[in-house]
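A quick write-up on the structure given underneath.
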Number of protein chains: 2
Amino acid sequence: MLTSVATTRNIVSEMKDRAASVIHSGSRFATSNVLGLMGVTVRYERGAEIFAEEEPAEYIYQIVSGTARTCKLLSNGRRQIGAFLMKGDYFGMEARDTHCFAAEAITDVTVHMISRSAAFAAAGREPEVARALWDITARNLDASQQHSLLLGRKTALEKIGSFLSEMAERQGCDDEIDLAMSRQDIADYLGLTIETVSRTMTQLECAGTIALPSSRHVVLKRHIELERLSLC
Amino acid sequence: MLTSVATTRNIVSEMKDRAASVIHSGSRFATSNVLGLMGVTVRYERGAEIFAEEEPAEYIYQIVSGTARTCKLLSNGRRQIGAFLMKGDYFGMEARDTHCFAAEAITDVTVHMISRSAAFAAAGREPEVARALWDITARNLDASQQHSLLLGRKTALEKIGSFLSEMAERQGCDDEIDLAMSRQDIADYLGLTIETVSRTMTQLECAGTIALPSSRHVVLKRHIELERLSLC
DNA sequence: CGGCGAGTTGAAGGACATCAAGGGATGTGG
DNA sequence: CCACATCCCTTGATGTCCTTCAACTCGCCG
């Protein structure tokens, strides 16, 4: 496939400027896993910027391993994290030609990069691919709207409750979760300050709803209590 | 087109339960305006529910005229409006089989209804339709993420400034806007209370940034000042 | 040990919410 | 035409949740 070769060369040359390295270059479409095997696999170090706000949107990404975040900045340093990206999550699909948020690696991250043009070309040929692209975007939209409800109308306690429930569900874990992100990341995700996040976590611990053996490790002791807080 | 006939019959029977009436039933795809002429045209009265949260998502909608809102509810009556829908806007495209928010007519509203299955079938046949579907969804995603930034990290003054700028832009109007929505709608869109919306508007009027000849009619006197408030 | 970044905790302040009352437009009936 | 009701909006007084500012703790690493 011609575009794939050219694409790979572009990525490799770009990688010099970044804390990233090409791991594997696929050359075949897999219609079963639809977008899974297109493009190349790339690794970013913890803290690295995967792409910047306003950067041309040339690729679509899927997380293979690790955790990343999408974020937007406002003047005087205010930041809003739009989503935490974990294994299997797609991101970087923009309606316009430039990214309208930045993506950064929270931990070391491995991603599949698929060139936008190749993805659209494939979508034009194979309805399944087109449907998959749409489906991914629609799911991201769902998540974003759900998040708007949290940001606009939930209290700090409900926000933390919702966040912990979400993380538990996404880690497929019954009652223990490891947080890859800092308190600042959580605060910027929930529209709170780092101090309020900390205080609210402590409050939940005192109430016996959770335990905090360490700041990044949370034990959910009363899962039902969290569900009640999440409302929805 | 078989599905169109069946679809129309379904819609007509459903309309009995609602404050809506079928106006026109299209029977041909228009690949130029892509989704524009598929499906039927329906009218909803001011205040009518176009679809409810959790209702099966059978149709995709486009506003022909009037203004609508999408909203989600939380316990104790808290409400978040996800978007105001105006001429040309598409809504109701869900990743799942049920709507994850409700849609309601703010003014009398005319919409195109396109059956989901017909839209997807068309997308399978015509890449342009698939691309248009994706594009619409991606734009909605962009808007939703932009809105998250507002909800999570802007002050009341910035929220109102952003809101007025957005409305001015969407009405394609230089310096005067008519608000179809109530203060309560604005409050639920911006994550504020009705009182704060009112006070902030007054504050902007006192500062000479806007004029309020009536509560629903706003004159933007210093457009630049609003842009400054919107930040971004 | 000492320094640093991340997280926690306390005290004080502020932005927005809540509670309460009043104004202004529109409609209805006498 | 006015009385009256209703709805939407505005304004004021008070309250509170979250932020801000500041100090301290903990774990980690040279």
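The model shown is predicted, which means the values in this text are computed figures rather than measured ones. So you know, we letter chains A, B, ... as the sequences are listed, proteins then strands, and number each from 1. Only heavy atoms go into these numbers, but all of them, side chains included; no hydrogens, no water, no symmetry mates.
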Does the gap between the ring centers of A:Tyr90 and A:Tyr61 come in under 6.0 Å?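 No; A:Tyr61 has its ring centre 6.0 Å or more from that of A:Tyr90.
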Does a donor on one side chain sit under 3.5 Å from an acceptor on the other, for [X] and [Y]?
X	Y	value
A:Thr196	A:Thr193	yes
A:Thr67	A:Thr107	no
A:Ser65	A:Lys87	no
A:Lys221	A:Thr209	no

How do A:Arg153 and A:Leu212 order along DNA chain C: which one's closest nucleotide is nearer the 5' end?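 The residue whose closest nucleotide sits nearer the 5' end is A:Leu212.
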Applying a 4.0 Å non-hydrogen cut-off, can you work out what B:Ser214 is touching in the nucleic acid: base, sugar-phosphate, or nothing?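 No contact at all - B:Ser214 keeps every heavy atom at 4.0 Å or more from the nucleic acid.
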Taking atom CZ of A:Arg216 as the centre, does the number of heavy atoms from other residues, nucleotides or ligands within less than 6.0 Å exceed 12?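 Yes, the 6.0 Å shell around CZ holds more than 12 heavy atoms from other groups.
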Mark yes when over 12 heavy atoms from residues, nucleotides or ligands other than A:Arg170 sit less than 6.0 Å from its CZ; otherwise mark no.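 Enclosed.
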Taking B:Glu53 for the side chain and B:Ala102 for the main chain, is one N or O donor matched with an acceptor at less than 3.5 Å?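 Absent.
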Taking for each residue the nucleotide of DNA chain D bearing the nearest heavy atom, is the 5' side occupied by A:Leu192 or by B:Ser215?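 The 5'-side residue here is B:Ser215.
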Based on the rotation axes of five pairs at each end, what angle does the helix from C:dC1-D:dG30 to C:dG30-D:dC1 bend through, to 10°?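 Between the first-five-pair axis and the last-five-pair axis there is 20°.
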With heavy-atom distances below 4.5 Å as the criterion, would you say the side chains of A:Thr70 and A:Leu85 are in contact?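 A side-chain contact exists here, since the closest heavy-atom pair is under 4.5 Å.
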Check side-chain contact (heavy atoms from CB on, under 4.5 Å) between A:Ser144 and all other residues, then give those that pass, not counting sequence neighbours.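 If we apply the side-chain contact (heavy atoms from CB on, under 4.5 Å) test to A:Ser144, skipping adjacent residues, the hits are B:Leu141, B:Ser144, B:Gln145, B:Ser148.
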Is there a side-chain contact (heavy atoms from CB on, under 4.5 Å) between B:Leu73 and B:Arg78 once you walk through the steps? CA-CA 6 Å; B:Leu73 285 173; B:Arg78 284 176 291 177; over 6 Å; no
Side-chain donor/acceptor pairs under 3.5 Å, residues 177-186 of chain A, sequence neighbours excluded:
{"residue": "A:Asp178", "atom": "OD1", "partner": "A:His217", "partner atom": "ND1", "Å": "2.7"}
{"residue": "A:Ser182", "atom": "OG", "partner": "A:Gln184", "partner atom": "N", "Å": "3.3"}
{"residue": "A:Ser182", "atom": "OG", "partner": "A:Asp185", "partner atom": "N", "Å": "3.1"}
{"residue": "A:Arg183", "atom": "NH1", "partner": "A:Ser215", "partner atom": "O", "Å": "2.9"}
{"residue": "A:Arg183", "atom": "NH2", "partner": "A:Ser215", "partner atom": "O", "Å": "2.8"}
{"residue": "A:Gln184", "atom": "NE2", "partner": "A:Asp188", "partner atom": "OD1", "Å": "3.2"}
{"residue": "A:Gln184", "atom": "NE2", "partner": "A:Asp188", "partner atom": "OD2", "Å": "3.4"}
{"residue": "A:Asp185", "atom": "OD1", "partner": "A:Arg69", "partner atom": "NH1", "Å": "3.1"}
{"residue": "A:Asp185", "atom": "OD1", "partner": "A:Arg79", "partner atom": "NH2", "Å": "2.7"}
{"residue": "A:Asp185", "atom": "OD2", "partner": "A:Arg69", "partner atom": "NH1", "Å": "3.1"}

Over 60° means perpendicular and under 30° means parallel, so classify the ring planes of B:Phe51 and B:His99, tilted if in between.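 Because their plane-to-plane angle is under 30°, the rings of B:His99 and B:Phe51 count as parallel.
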5' to 3' on DNA chain D, which nucleotides open and close the contacts with chain B (atom under 4.0 Å from a heavy atom)?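 Footprint of chain B along DNA chain D, 5' to 3': D:dC8 to D:dA13.
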Using chain A heavy atoms and a threshold of under 4.0 Å, write down where along DNA chain C the contacts begin and end, 5' to 3'.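 Taking any atom under 4.0 Å from a heavy atom of chain A, the span is C:dA6 to C:dA11.
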Is there a residue in residues 193-211 of chain B whose heavy atoms reach under 4.0 Å of DNA chain D, and which residues are they?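 When residues 193-211 of chain B is checked for heavy atoms under 4.0 Å from DNA chain D, the hits, listed by number, are B:Glu195, B:Ser198, B:Arg199, B:Thr202.
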